[in-house]
There are 2 protein chains.
Amino acid sequence: MAKILIIEDDVDIAKLVAGFFHAANFSTHIVHSGGLAIQAVKEHQPDLIILDIMLPVKDGIACCTEIRAFSDVPIIMLTAKTAEQDRLAGLSIGVDDYVCKPFSAPELVMRAQNILKRASGKLSNDGWKVNADMQTVSLNNADISLTKYEFSLFNLLYQSPGRVYSREQLLEFAFADHRDTSDRAIDNHVKNIRKQLKNAGVSQVVVESVYGLGYRFKKD
Amino acid sequence: MAKILIIEDDVDIAKLVAGFFHAANFSTHIVHSGGLAIQAVKEHQPDLIILDIMLPVKDGIACCTEIRAFSDVPIIMLTAKTAEQDRLAGLSIGVDDYVCKPFSAPELVMRAQNILKRASGKLSNDGWKVNADMQTVSLNNADISLTKYEFSLFNLLYQSPGRVYSREQLLEFAFADHRDTSDRAIDNHVKNIRKQLKNAGVSQVVVESVYGLGYRFKKD
DNA sequence: TTAAAATTATAACAATTTTTTAAAAGCTAG
DNA sequence: CTAGCTTTTAAAAAATTGTTATAATTTTAA
């Protein structure tokens with residue numbers, strides 16, 4: 001389920017757009033000003049951004065430039081007038097697409113899907129792909145099949161690269177009802193995950209142990 | 001640009017649906033009665049049909065059966081009530097998908113896109129062909145006859161390769177009104193499907209079990 | 001630097017859960 | 001009633017998960 005970040009000051013339009021993306025099975029997050037945009041991008045790591053060009057204080061073009069300084073996340077710009085489209089075309093800031101207001105929501109969703117389809121081939125997130133449907137993880141399109149708990153564990157660590165989880169936390173968050181299970185079970189799952197990854201040709205260790213603390217997913 | 005034929009007596013709904021498909025870059029043609037449907041299909045040769053199940057004089061199911069007599073064009077049925085869905089599941093007329101009213105237009109468009117993507121591949125999906133009329137499945141033109149529930153099960157899994165369905169979901173989606181049936185029934189159907197496929201000379205296991213989760217159709 | 005202590009890695013095995021299978025019982029349509 | 005399909009049942013097989021013991025590694029402290 002892809003994450004969409006909507007940067008739009010008009011509350012009604014933001015909700016409308018979010019609603020359509022929900023219907024199309026995306027998860028969304030909304031911020032209402034350009035000032036909050038950068039932080040939101042870093043925090044939520046969206047798969048795609050819908051960005052209004054007309055924002056108070058810091059406008060869409062400024063936002064886009066700032067985002068582009070640290071991320072290649074696809075951006076669809078919402079523009080109001082033809083003049084703005086021309087301006088967009090002129091400036092070659094890194095916008096992936098633009099949609100003119102008043103826009104058709106299905107069209108917006110579809111463009112988002114197209115862009116994501118294209119982007120997914122680009123292996124943006126270091127080549128990692130985590131698919132909860134299949135309970136599989138893939139690196140550079142090589143599927144790695146994990147068991148239920150292996151996946152649960154891997155996924156939790158993967159979602160917050162660099163964050164260290166204690167074995168207690170891992171039991172609590174990834175194993176849910178197995179609170180009375182021994183810590184060593186975690187070690188074994190980690191061992192098995194590493195073996196699976198190695199078999200799939202992943203040479204670097206991505207699930208790191210942190211002595212005395214727990215495990216974490218390697219950052220960068 | 002794919003052609004959609006919309007068979008729907010309610011003028012407003014027909015226009016609404018047509019509007020959404022236009023926005024998604026399809027061309028559409030509308031007929032408002034079942035009586036005109038057959039001729040329209042022959043004349044316009046649509047790539048996909050949206051068919052309302054509730055039509056005056058000749059209803060959607062009758063239309064579907066008639067269309068299936070001479071064409072394999074994908075059909076999405078619009079149904080109003082759950083009872084109708086059950087009826088659909090029971091009759092296995094050759095409907096490719098159904099959408100329940102009130103439906104989300106983006107969802108309808110998306111399902112259409114998915115079906116068309118699959119249909120355009122013809123034999124691209126490893127030579128598999130699923131014929132809802134005959135309740136047969138064929139691989140490279142070798143027919144495999146399945147019973148009603150075997151087919152229903154196989155077809156559901158086949159439509160979303162790689163997606164894992166839990167036994168609960170399979171009961172809900174493929175068996176419709178048999179919610180109180182035991183999980184083990186699914187296992188037996190799967191066993192029988194696999195036996196049939198094996199008898200037909202399909203060596204690879206295409207209906208995979210995913211330990212702890214359910215079953216899925218093998219992807220690629 | 002080295003030894004002791006603590007932590008993590010690994011492998012073999014046991015326990016548990018889930019899947020597979022076959023046979024029998026229950027249904028249903030002809 | 002019969003034949004074919006579906007469901008239940010129960011036991012065997014397979015896969016996963018958990019435990020234990022031991023080895024390897026890292027940290028700490030002498």
Side-chain angles (χ1 to χ4, degrees), chain A residues 134-137 144-157 164-199 205-218, chain B residues 86 89-92 134-137 144-157 164-172 174-199 205-218:
Chain A
M134 309 252 299
Q135 301 268 20
T136 58
V137 166
I144 298 155
S145 81
L146 301 176
T147 69
K148 195 165 63 173
Y149 288 118
E150 285 166 12
F151 179 83
S152 196
L153 197 48
F154 181 92
N155 192 36
L156 179 63
L157 296 171
V164 179
Y165 287 89
S166 71
R167 290 176 178 70
E168 260 185 29
Q169 289 176 314
L170 293 171
L171 282 173
E172 184 177 346
F173 298 145
F175 291 63
D177 45 349
H178 292 212
R179 299 289 295 278
D180 51 345
T181 300
S182 153
D183 280 1
R184 304 282 123 241
I186 300 282
D187 299 43
N188 272 291
H189 284 301
V190 169
K191 180 195 68 166
N192 292 330
I193 290 169
R194 288 173 175 165
K195 188 158 74 178
Q196 292 281 46
L197 295 177
K198 197 167 193 177
N199 288 345
V205 174
V206 289
V207 178
E208 298 176 319
S209 56
V210 183
Y211 192 95
L213 295 175
Y215 293 98
R216 73 175 164 210
F217 191 90
K218 191 174 188 297
Chain B
D86 295 347
L91 296 166
S92 58
M134 311 274 291
Q135 300 222 347
T136 59
V137 166
I144 298 153
S145 78
L146 300 175
T147 68
K148 191 167 69 173
Y149 288 114
E150 285 165 13
F151 179 83
S152 194
L153 198 47
F154 181 93
N155 192 36
L156 178 63
L157 296 171
V164 180
Y165 287 88
S166 71
R167 290 175 177 72
E168 260 185 30
Q169 289 176 315
L170 293 171
L171 283 173
E172 183 177 346
F175 291 61
D177 44 348
H178 294 211
R179 297 291 295 280
D180 51 346
T181 300
S182 153
D183 281 0
R184 303 285 123 243
I186 301 280
D187 299 42
N188 272 289
H189 285 301
V190 168
K191 181 193 70 165
N192 292 330
I193 290 169
R194 298 212 267 228
K195 188 157 76 178
Q196 293 283 45
L197 295 177
K198 198 168 193 178
N199 288 345
V205 174
V206 290
V207 178
E208 298 176 317
S209 57
V210 183
Y211 192 96
L213 296 175
Y215 292 99
R216 72 175 164 210
F217 192 90
K218 191 172 188 299

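Naming: A, B, ... by sequence-line order, numbering from 1 per chain. Values below: every heavy atom of this structure, side chains too, minus hydrogens, waters and symmetry copies.
The ring-ring contact (aromatic ring centres under 6.0 Å, His included) search around B/F154 returns B/W128, B/F217, not counting sequence neighbours. Checked against side-chain contact (heavy atoms from CB on, under 4.5 Å), A/V164 has the following partners two or more places apart in sequence or in another chain: A/V210, A/L213, A/R216. The side chain to side chain donor-acceptor pair (under 3.5 Å) check on A/N155 picks up A/Q159, with sequence neighbours excluded. Checked against salt bridge (Lys or Arg N to Asp or Glu O under 4.0 Å), A/R184 has the following partners two or more places apart in sequence or in another chain: A/D187. A/D183 pairs by the side chain to side chain donor-acceptor pair (under 3.5 Å) definition with nothing, not counting sequence neighbours.
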query: So B/H189 and B/Y215, ring-ring contact (aromatic ring centres under 6.0 Å, His included) or not? Walk me through it.
result: CA-CA 12 Å; B/H189 285 301; B/Y215 292 99; over 10 Å; no

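In this structure, A/T181 reaches the D/dG18 phosphate: one of its side-chain N or O atoms is under 4.0 Å from OP1 or OP2. Contact between the side-chain N/O atoms of A/S182 and the OP1/OP2 oxygens of D/dG18 is not found at any separation under 4.0 Å. OP1 or OP2 of D/dG18 lies within a sub-4.0 Å distance of a side-chain N or O belonging to A/H189.
Going from atom CD of B/Q196 over to atom P of D/dT6 covers 11 Å, rounded to whole Å. Between the P atom of C/dT8 and the CD1 atom of A/I193 lies a distance of 16 Å, rounded to the nearest Å. Atom CD1 in B/I186 sits roughly 11 Å away from atom C1' in D/dT7 (whole-Å rounding). One atom, CG of B/L146, and another, P of D/dT6, lie 10 Å apart when rounded to the nearest Å. Rounded to an integer number of Å, the gap from CG of A/D183 to C1' of C/dA9 is 14 Å. Regarding A/F151, its CZ atom lies at a distance of 15 Å from the P atom of D/dT16, rounded to whole Å.
Picking from D/dT19, D/dT6, D/dT7 the nucleotide with the shortest atom distance to the side chain of B/Y149 gives D/dT6.
A distance of 10.5 Å separates CD of A/E168 from CZ of A/F173, quoted to the nearest 0.5 Å.
When each of A/E150 and B/E150 is assigned the nucleotide of DNA chain D bearing its nearest heavy atom, the one mapping closer to the 5' terminus is B/E150.
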Sugar-phosphate or base contact per nucleotide [nucleotides 14-27 of chain C; S, B, -; heavy atom under 4.0 Å]: ---BSBBBBB----

